[in-house]
Amino acid sequence: MLAQNKLALFNYEILEKFEAGLMLTGQEVKSAKASQISLRGSYVNIKNGEAWLINAHISLYKMAGTLSGYDPLRARKLLLHKKEIMRLTGKLAEKGLTLVPLKVYTKRDKIKVEIGLAKGKKQSDKRAQIKKREDERGMRRIMRGKI
């Protein structure tokens with residue numbers, strides 16, 4: 001795995017997951033394979049029948065030298081089948097649903113993005129999740145002390 005969007009898992013309830021290819025330039029591929037990619041604050045947008053990854057930060061590859069005009073936050077095209085894009089467009093028409101990238105990984109030398117159809121969590125849901133996690137941590141600590 002090259003990058004993971006942990007904040008998306010906290011802020012959103014993931015309803016469905018999809019795998020998409022990611023169109024990158026050569027130096028972006030090398031930089032991504034060196035884990036120089038961040039998904040924080042990124043999202044997926046569908047325009048004119050094409051899916052785009054917006055706001056994903058891929059750092060400049062160090063060995064590429066100076067590249068004038070390189071934008072690390074540029075929009076990158078996602079490779080999905082037409083049927084998948086049409087299905088996602090229909091789902092996004094529902095109120096409160098969005099597409100968020102969850103992780104970036106390699107599969108047979110190709111860089112893939114796992115995107116999730118997500119619904120935003122309410123503040124009370126987030127608090128309940130934090131409380132549950134703290135309770136589980138406390139129980140593990142107690143069990144470790146008794147053994």
Side-chain angles (χ1 to χ4, degrees), residues 1-138 140-141:
M1 187 175 345
L2 304 175
Q4 188 173 9
N5 193 355
K6 292 181 181 178
L7 195 59
L9 296 174
F10 180 71
N11 288 333
Y12 298 100
E13 177 187 347
I14 307 301
L15 304 175
E16 278 186 80
K17 294 180 181 179
F18 299 91
E19 180 181 76
L22 185 59
M23 278 184 70
L24 299 174
T25 62
Q27 63 100 13
E28 286 177 335
V29 171
K30 289 188 173 200
S31 185
K33 285 188 176 181
S35 296
Q36 298 295 315
I37 183 169
S38 174
L39 295 175
R40 178 167 291 200
S42 60
Y43 61 96
V44 176
N45 194 4
I46 297 179
K47 283 191 256 183
N48 301 328
E50 295 179 337
W52 295 88
L53 180 64
I54 311 291
N55 250 1
H57 186 279
I58 299 179
S59 299
L60 180 66
Y61 185 57
K62 303 288 188 250
M63 306 303 273
T66 57
L67 294 175
S68 61
Y70 176 70
D71 181 18
L73 294 174
R74 73 174 181 88
R76 293 165 178 94
K77 190 174 179 180
L78 294 177
L79 304 173
L80 289 164
H81 290 284
K82 285 280 187 194
K83 286 184 181 180
E84 288 177 319
I85 292 174
M86 297 302 281
R87 184 168 178 254
L88 286 173
T89 305
K91 293 277 189 175
L92 289 176
E94 294 179 27
K95 187 176 180 185
L97 295 182
T98 187
L99 285 172
V100 292
L102 302 175
K103 56 181 144 176
V104 177
Y105 55 93
T106 58
K107 184 176 183 181
R108 288 186 245 135
D109 294 331
K110 306 280 190 237
I111 295 184
K112 302 286 185 175
V113 179
E114 184 176 81
I115 57 176
L117 185 63
K119 185 175 185 177
K121 285 184 183 176
K122 295 182 180 174
Q123 190 67 31
S124 59
D125 296 337
K126 293 179 189 178
R127 286 190 193 120
Q129 183 179 2
I130 291 171
K131 181 161 177 40
K132 181 181 174 187
R133 185 173 56 219
E134 288 176 355
D135 291 344
E136 288 174 358
R137 187 178 298 144
R140 281 195 308 267
R141 199 174 291 143

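The chain is numbered in sequence order, starting from 1. Please read these numbers as outputs of a predicted model, since none were measured by experiment. Computed over heavy atoms, backbone and side chain alike; hydrogens, waters and symmetry mates excluded.
When the options Arg137, Lys132, Lys131, Arg133 are evaluated for a salt bridge (charged side-chain N to carboxylate O under 4.0 Å, His left out) with Asp135, the one that passes is Lys131. Under the side-chain contact (heavy atoms from CB on, under 4.5 Å) rule, Val113 has a single partner from Ile37, Leu39, Val44, Leu78, which is Leu78.
Although no hydrogens or angles enter the test, the distance criterion places a donor-acceptor pair under 3.5 Å between the side chain of Gln27 and the main chain of Tyr61.
In this structure, Arg76 and Met23 approach most closely via the heavy-atom pair CB-O, 4.0 Å. Heavy atoms only, all atoms of each residue included: Ile111 and Ala32 are closest at CD1-CB, 3.8 Å. For the residue pair Ser59 and Ser31, the shortest heavy atom distance occurs at O-OG, 2.7 Å. Closest approach of Ile85 and Ala51 over heavy atoms only: CD1-N, 4.2 Å. Of all heavy-atom pairs between Leu80 and Glu19, the closest is CD2-O, 3.6 Å. Across Ile58 and Tyr70, no two heavy atoms sit closer than the pair O-OH, 2.8 Å.
The CG atom of Asn11 sits 15.5 Å away from atom NZ of Lys119, with the distance rounded to the nearest 0.5 Å. Rounding to the nearest 0.5 Å places CG of Leu88 at 10.5 Å from CG of Leu97. Note that NZ of Lys82 and CD of Glu50 are 6.5 Å apart. Values are rounded to the nearest 0.5 Å. Distance check, rounded to the nearest 0.5 Å: CD of Gln36 to NE2 of His57 gives 9.5 Å. The OH atom of Tyr12 sits 8.5 Å away from the CG atom of Leu7 when rounded to the nearest 0.5 Å. Rounding to the nearest 0.5 Å gives a distance of 9.0 Å between CG of Leu73 and OG of Ser38.
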- Message: Determine whether Leu99 and Lys91 satisfy the following criterion, side-chain contact (heavy atoms from CB on, under 4.5 Å), listing intermediate values before the conclusion.
- Response: CA-CA 10 Å; Leu99 285 172; Lys91 293 277 189 175; over 6 Å; no
- Quick one: do Glu114 and Ile14 satisfy side-chain contact (heavy atoms from CB on, under 4.5 Å)? Show the steps, please. CA-CA 12 Å; Glu114 184 176 81; Ile14 307 301; over 6 Å; no
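Every pair tested for salt bridge (Lys or Arg N to Asp or Glu O under 4.0 Å) that includes a residue from residues 120-130 fails, sequence neighbours excluded, so the list is empty.
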